[in-house]
Amino acid sequence: MGIVVVGTVGYDTIETQTNKAVEALGGSATYFSLAARFFGPVSLVAAVGTDFRPEHRDLLTERNIDLRGLESRDGLTFRWHGRYHEDMNLRDTLNLALNVFADFTPDLLPDQRRADYLFLANISPELQAAVLDQMASPKVVAADTMNHWIENSRPQLIRLLNRIDILTLNDEEARMLSGEHNLVKAGRAILKMGPRTALVKRGEYGVLQFSEDGMFAVPAYPLEDVHDPTGAGDTFAGAFMGYIARNGRLNERARRAAVVYGSVMASYVVERFSVQRILELTWDDVEARYRAFLELTDSHHPRWTSP
Ligand code: AMP
């Protein structure tokens, strides 16, 4: 058993300044799984309603994502409606319907409880804790969160932070959680709250990692056309955890490579709406952009260093 992910699977309506997708496949656990599966086995835990389309279940199964934990319940599937500003780092949530997710508490299967790697995607800290309680002795536990939980479930979130190894969140959320405007101060303050690693996602500005070994920064891969940033954060987390699980250890070397793989995969997902780009992605594509990424930031690259 590799990675277990608990999060949303649902339908997104996404508006950008130029385009719109209605009820496209989305959800934090969906993006995470579609990225992590490139590195090893992934077991997805979520709930969907009776309206969840069989072709979407097939699409995940065909990519070797274990769906034994995708519970089908009476009612409607989770839905989210978001609109991006011209500055695509900014978006408004126009509508959020938890639907069957509202009272969902998963009961993990025996083999899922024994998994070494757990990702608690963006869901309530209570639900994240209820899942963590069921785990035997995971090697690495990572969690994501958002402004909503920082504002409305702060005590529960603070309790959870003491029990996890890695926290992923965006820059605004890092400021909100720590009460520090400066991101370096915010990152350090978050490490004091429990996690050994904090990954601060900064949209088109890349990712800043804080750990006991210091800071590590990676830019976002510069793209001419960003069509839909939805899911970039979850895709980043999927590739990051996928790499860590495949590597088997959480040292600084592994973390740095994992941050680059996460950024590579996230740079692909934003090229098309919803999950379209990540569905067609091959491992060769991933390796090609990994190399392009290294070249982008390497001032000692052999091609450009004079003899
Ligand atoms: P990201 O762009 O990485 O933050 O992830 C976007 C995905 O998260 C979308 O596919 C949404 O379906 C899902 N999502 C949006 N809001 C929430 C929420 N409050 N709880 C859980 N998942 C959400």
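Both counts, for ligands and for their atoms, begin at 1 and track the order of listing.
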[atom]: nearest protein contact (heavy atom, Å):
atom                    : value
atom 16 (N) of ligand 1 : Trp80 CD1, 3.7 Å
atom 12 (O) of ligand 1 : Asp12 OD1, 2.6 Å
atom 2 (O) of ligand 1  : Gly231 N, 2.7 Å
atom 4 (O) of ligand 1  : Arg91 NH2, 3.0 Å
atom 22 (N) of ligand 1 : Thr8 OG1, 3.1 Å
atom 21 (C) of ligand 1 : Asn122 O, 2.9 Å

Does ligand 1 have an atom that lies less than 4.0 angstrom from a heavy atom of [X]?
X     : value
Phe78 : yes
Tyr31 : yes
Gly10 : no

Ligand-residue contact atoms, ligand 1 with [X], heavy atoms, under 4.0 Å:
X      : value
Gly26  : 10 (O)
Gly233 : 3 (O)
Gly27  : 9 (C), 10 (O), 12 (O)
Thr230 : 2 (O), 6 (C), 9 (C), 10 (O)

When you measure from the side chain of Arg277 to the backbone N and O of Glu271, does any donor-acceptor pair fall under 3.5 Å?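 Answer holds: no.
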Judged by atom type as modelled, is there a donor-acceptor pair below 3.5 Å linking the side chain of Tyr268 to the main-chain atoms of Asp285?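 Such a contact is found between Tyr268 side chain and Asp285 backbone.
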Would you tell me which option among Arg79, Met146, Lys201 has the nearest heavy-atom contact to atom 19 (N) of ligand 1?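 Closest candidate by heavy-atom distance is Met146.
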Check this for me - ligand 1, Trp149, N or O atoms closer than 3.5 angstrom, yes or no? no
Can you tell which part of [X] has a heavy atom less than 4.0 Å from ligand 1: side chain, backbone, both or neither?
X      : answer
Leu96  : side chain
Asp234 : both
Ala121 : neither

Aromatic ring pairing Phe32/Phe119, orientation class (parallel under 30°, perpendicular over 60°, tilted between): parallel
